[in-house]
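Working notes for the structure below.
It should be emphasised that the depicted structure is a prediction, and the values quoted were computed from it without experimental measurement. Index from 1, following the sequence.
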Amino acid sequence: MKEVIQIITSFAGSFGFALLYNLRGRKLFVAGLAGMVSWTIYLIVWGRVPDTFTANLAAAGAATIYAEVMARILKTPVTVFLITGIIPLVPGGGLYYTMNYAIAKEWNLFSYYGQQTMLTAASIAAGIIAASSIYGFCSASLHYYRKFHIR
């Protein structure tokens with residue numbers, strides 16, 4: 001039940017963030033689904049491999065592939081769906097605690113939360129880069145195949 005609530009709120013958070021982009025209609029719903037997809041993948045991977053880096057890497061990769069596909073279908077920039085898709089993954093709490101412990105001069109906790117926050121941010125970036133590269137390679141290969149091999 002807890003996971004269902006998390007998935008619903010990930011949709012709501014991404015949907016609300018998409019409102020800031022002034023998305024309307026179908027694009028607004030699709031942007032909300034992007035966050036739901038990424039968080040669902042995060043929960044699935046976390047259930048099998050309880051590792052923050054791996055779960056965020058897979059979730060960011062899934063969000064990227066989803067954003068690339070939906071951007072082509074709806075003729076919208078990829079970043080619109082990608083940014084709303086990774087919103088549930090952003091380590092806002094970790095960043096808050098990192099800064100809180102820095103101000104309180106608790107350097108051990110500052111170091112711990114800072115490392116965790118940087119690890120999460122790096123895994124999201126790596127997932128986006130890897131999935132975008134793979135999608136670009138597959139798309140270019142398909143385009144090449146259609147251009148030269150269909151008679």
Side-chain angles (χ1 to χ4, degrees), residues 1-100 112-151:
M1 183 64 183
K2 182 175 112 176
E3 289 82 10
V4 173
I5 293 171
Q6 289 181 13
I7 291 169
I8 291 169
T9 55
S10 67
F11 173 83
S14 295
F15 186 88
F17 199 84
L19 287 172
L20 295 175
Y21 278 136
N22 291 323
L23 293 180
R24 299 288 178 250
R26 194 165 127 188
K27 292 178 184 176
L28 182 62
F29 181 75
V30 169
L33 283 178
M36 191 170 87
V37 165
S38 69
W39 193 251
T40 302
I41 297 298
Y42 178 88
L43 291 175
I44 290 169
V45 173
W46 179 262
R48 295 180 186 249
V49 183
D51 176 46
T52 303
F53 186 85
T54 307
N56 278 302
L57 183 76
T64 302
I65 298 298
Y66 179 85
E68 293 275 359
V69 170
M70 295 314 292
R72 303 300 183 283
I73 292 171
L74 297 176
K75 296 177 178 37
T76 305
V78 175
T79 55
V80 170
F81 299 122
L82 182 58
I83 299 298
T84 56
I86 64 169
I87 285 298
L89 306 175
V90 173
L95 187 57
Y96 168 79
Y97 287 119
T98 300
M99 292 299 105
N100 186 39
Y112 173 76
Y113 279 99
Q115 289 174 4
Q116 293 301 313
T117 302
M118 293 302 292
L119 183 69
T120 302
S123 65
I124 293 169
I128 291 169
I129 291 168
S132 183
S133 298
I134 291 168
Y135 184 86
F137 176 76
C138 292
S139 178
S141 298
L142 184 63
H143 178 71
Y144 176 80
Y145 178 78
R146 284 183 179 167
K147 185 174 181 181
F148 293 110
H149 291 90
I150 296 180
R151 297 169 197 231

Is it true that atom OH of Tyr112 has more than 12 heavy atoms of other residues, nucleotides or ligands lying nearer than 6.0 Å?
no

Taking side chain as C-beta onward, heavy atoms only, is [X] less than 4.5 Å from [Y]?
X: Val80; Y: Lys27; value: no
X: Arg26; Y: Thr76; value: no
X: Arg24; Y: Leu19; value: yes

Any idea which heavy atoms bring [X] and [Y] closest together, and the distance?
X: Val45; Y: Ala55; answer: CG1-CA, 3.6 Å
X: Leu95; Y: Thr117; answer: N-OG1, 3.6 Å
X: Pro88; Y: Thr84; answer: CD-O, 3.9 Å
X: Ser123; Y: Phe53; answer: CB-CD1, 3.3 Å
X: Ala60; Y: Gly127; answer: CB-CA, 4.1 Å

[atom2] on [Y] to [atom1] on [X], rounded to 0.5 Å:
X: Ile129; Y: Ile134; atom1: CD1; atom2: CD1; value: 12.0 Å
X: Ile41; Y: Leu57; atom1: CD1; atom2: CG; value: 12.5 Å
X: Thr40; Y: Leu33; atom1: OG1; atom2: CG; value: 9.5 Å
X: Ile86; Y: Ser14; atom1: CD1; atom2: OG; value: 10.0 Å
X: Leu119; Y: Ile124; atom1: CG; atom2: CD1; value: 10.0 Å
X: Leu82; Y: Ile65; atom1: CG; atom2: CD1; value: 10.5 Å

Does any pair with a residue in residues 30-50 pass ring-ring contact (aromatic ring centres under 6.0 Å, His included), and if so which ones, sequence neighbours excluded?
Trp39-Tyr42

Return each pair, listed once, that meets ring-ring contact (aromatic ring centres under 6.0 Å, His included) where at least one residue sits in residues 58-98; pairs must be two or more places apart or across chains.
Tyr97-Tyr113

Any residue meeting salt bridge (Lys or Arg N to Asp or Glu O under 4.0 Å) with Arg72, in chain and number order, not counting sequence neighbours:
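Per chain and number, Arg72 pairs via salt bridge (Lys or Arg N to Asp or Glu O under 4.0 Å) with Glu68.
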
Could you tell me whether a side-chain N or O of Ser38 sits under 3.5 Å from a main-chain N or O of Gly85, the two making a donor and an acceptor?
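Checked: pair present.
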
N/O donor-acceptor pair under 3.5 Å between Ser139 side chain and Gly136 backbone:
no

